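Notes follow the structure.
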Amino acid sequence: MGTCVSFPTAVGAVAEWIAFVPAALVLYSVADSNETKIGKKGKRRRAKETLRIYGLGLLFFMTEYIVIYHWFISMYPLDFTGMSRGYAIAVVLLGCLGMSFLAAAAGGLAFVLFVSLSRLRTLREHTLLRPFTAAALYTVFEWTMTHGWTGVPWGRLSLGQLVGNFTLTVMPASILGSYLITFLIVSVSFLAAQGLYEDKLRLRSLLALSLVFADLIAGTVLFFIPTSVTGENGEVMTVKAAAVQGNISSRDKWDSGSSGMTLERYTKYTEEAAKTGADVVLWPETAYPYVVSSGGENEKTFEKLARDCKVTLFVGCFDFDKDNNFSNVIRSFNSDGSAGGEYAKRRLVPFGEYLPWRPFFEFLVPPLTELSMLSRDIVPGDDATVICAKTKNGNEVRYGVLVCFDSIYENLARESVKNGAEIILLSTNDSWFGESCAVWMHERQARLRAIENARPIIRAANTGVSSVIDAKGRVKERLQPLVEGIAAENVEISHTKTPYTAVGNILVWLCILGLGALPAFDLIKKRSSDDFR
């Protein structure tokens, strides 16, 4: 499963639907093993059994996530931070193994809960509920990865279905989010395993295949539903958007002597984008790694550039808010030379932009404190700002903005669209990842957000990949990693409100409700049976 998610292929996309079969067979077998006798000795044995089941879950998820997080190795030697080689090795290993362990620690609980729920009278009598119980547990597990500073939803199962520009099996995410794809994938694996385990292969396989085909058919129908806006003359309303990729790494970007080169290169490609007819030009996250405050000289520089090029310019930089907090922002400059709106990054990267539990890590793991290139913690924004700007033909467009890790948390893109965003601009700095699979995984997260909310996404990355993604999650234009240039393409303005945009993660809450209802229903049924006797 880790391989399918990290390196999507046509074969892997098919295999992903049955990748959990071995684990499911083990869990069915453990769940149906004889329960220990009640009493002190029995309780002790049950505790050991619970630890054994948790250990199986820990091993399973640790293996899956080590594959998913193997790209941490590509960050070595972290030379842009100035840390020693020894410290760099420690940080890389801590990232790969530590992030994997955090996911595995939560995933192990899913194994324990599945076995416990499977032993309920209700699930013993209605075994067909077991595969969907497993799917609900995994869906909730994946959702928990979006919470807390340790929560990084990097291993979404739906990522493995985005092979090339094929998005049909992921299109149902516009109904109930990417968690629906997760639910279906796990259900199919556990149904197939149940068919083998209970010798009901034909019936369970037919049901599993029906879920796969239902997903594919629904995705095909959704794919052909138009999402674009048409003008009074019936023409589809479009915006020419350009993402600039300067290919300036973190090592070079933070060099105090590189500011002139940085500005020169991004100015050059902004002018080039303007010549192609671009209405809006997007720079990557902190492409200009300095403060651009209102009324300052830097602001005047960008106002002039936007005016001279006659484009709406979005620049990644830093700024101070009214409380003098340091923020990672995207500032806009209108084509008439006036300053526009500003968006502050909402989901910050631990250790890269701020240090959680500072006294603890400074004492126990000092190398982690050297990861950040900043002298002070960044403060997250709290608003899904939508910035309005006019195109060359006078149409007003509403842009939602995301920065880097904002894009892997589905609720942030959804909030922007609910606030009226017609196009989403995404600035990121993926130079940490080099040419590893992480840059592609990060881009596929953006494609999920496009599908969930039926919004095109313009993605600008410092060293790649930069891309223009349509509302169906297809990449229309892309720049490969470690090259410089622009990715420019017309994108269709969308006003469509998908069911997912409207209801959000209701599927997750239904899963939680269903899982909680199982023991409650079992208890009610048991009491009713006792009363009858």
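Quick caveat: nothing in here was measured; it's all calculated off a predicted structure.
Proximity of a side-chain donor or acceptor of Asn395 to a complementary backbone N or O of Thr391 within less than 3.5 Å is not detected. Side chain of Thr9 to main chain of Gly12: a donor-acceptor pair is present (N/O by atom type, distance under 3.5 Å, no hydrogens or angles). Judged purely by atom type and a 3.5 angstrom limit, Ser466 uses its side chain to pair as donor or acceptor with the backbone of Ala461.
Geometric assessment of Arg347 against the ring of Phe405 yields a negative cation-pi assignment under the 6.0 Å and 45° thresholds.
Look at Asp522 and Arg119 and you find no salt bridge, because none of the NZ, NE, NH1 or NH2 atoms lies under 4.0 Å from a carboxylate O. We find that Glu415 and Lys418 are not joined by a salt bridge, their nearest charged nitrogen and carboxylate oxygen being 4.0 Å or further apart. Salt bridge annotation for Lys472-Glu492: absent, with no cationic side-chain nitrogen under 4.0 angstrom from a carboxylate oxygen. Salt-bridge annotation for Lys390 and Glu396: absent, with no side-chain N of the basic residue lying under 4.0 Å from a carboxylate O of the acidic one.
Classification of the Tyr69-Phe72 ring pair by plane angle, with boundaries at 30° and 60°, yields tilted. Note on ring orientation: taking the six-membered ring where Trp is involved, the planes of His70 and Phe7 are tilted (angle from 30° to 60°). Under the 30°/60° scheme for interplanar angles, the aromatic rings of Tyr399 and Phe314 are found to stand perpendicular. Using a 30° and 60° split on the angle between ring planes, Phe433 and His442 fall in the perpendicular class, above 60°. Between Tyr138 and Phe20, the ring planes are tilted. Angles from 30° to 60° get that label.
Note that the CZ atom of Arg455 and the OG1 atom of Thr501 stand 6.5 Å from one another [nearest 0.5 Å]. For the atom pair CD1 (Ile225) and OG1 (Thr220), the distance works out to 11.0 Å, reported to the nearest 0.5 Å.
Sparse packing is recorded around CG of Asp199, with 12 or fewer heavy atoms of other residues, nucleotides or ligands lying under 6.0 Å away. Within 6.0 Å of NZ in Lys392 there are more than 12 heavy atoms belonging to other residues, nucleotides or ligands. The 12-atom threshold is not exceeded at CZ of Phe101, counting heavy atoms of other residues, nucleotides or ligands nearer than 6.0 Å. Glu235 CD: 12 or fewer foreign heavy atoms inside a 6.0 Å radius.
By the 4.5 Å heavy-atom criterion applied to side chains, Cys404 and Glu353 are not counted as neighbours. For the pair Leu448/Ser158, a side-chain contact is recorded, criterion being any heavy-atom separation below 4.5 Å from C-beta on. Inter-residue side-chain proximity for Cys437 and Arg444 is flagged as unmet; no heavy-atom pair is nearer than 4.5 Å. Contact annotation: the side chain of Val21 approaches that of Leu196 to within less than 4.5 Å [non-hydrogen atoms, C-beta and beyond]. A 4.5 Å side-chain heavy-atom check between Met441 and Ser6 finds at least one atom pair inside the cut-off. The shortest side-chain heavy-atom distance between Val329 and Lys345 does not fall under the 4.5 Å cut-off. Side-chain contact between Thr238 and Val491 is absent, with no heavy atoms from C-beta onward closer than 4.5 Å.
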Report the C-alpha distance between Glu285 and Asn462 in whole Å, list the side-chain angles of each, state the deciding distance to 0.1 Å, and finish with yes or no for side-chain hydrogen bond (donor to acceptor under 3.5 Å, both in side chains). CA-CA 7 Å; Glu285 177 187 15; Asn462 280 280; 5.5 Å; no
Could you walk me through whether Glu422 and Ser494 pass the side-chain hydrogen bond (donor to acceptor under 3.5 Å, both in side chains) check? CA-CA 5 Å; Glu422 299 166 320; Ser494 174; over 6 Å; no
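In summary, the side chains of Tyr343 and Asn328 do not present any donor paired with an acceptor at a separation below 3.5 Å, with no hydrogens or angles considered. A side-chain N or O of Thr182 and one of Glu142 form a donor-acceptor pair less than 3.5 Å apart.
Residues Trp509 and Tyr179 place their aromatic rings such that the two centres sit no closer than 6.0 Å. Not less than 6.0 angstrom separates the ring centroid of Phe190 from the ring centroid of Phe132. Aromatic ring centres of Trp440 and Trp71: separated by at least 6.0 Å.
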Sequence neighbours left out, cut at 3.5 Å: what donor-acceptor pairs do the side chains of residues 105-117 make with other protein atoms?
unit_1	atom_1	unit_2	atom_2	d
Ser116	OG	Val112	O	3.0

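The side chain to side chain donor-acceptor pair (under 3.5 Å) analysis of residues 95-114, with sequence neighbours excluded, yields no pairs.
Paired with Ser467 under the rule side chain to side chain donor-acceptor pair (under 3.5 Å), one option of Arg459, Gln245, Glu443 passes, and it is Glu443.
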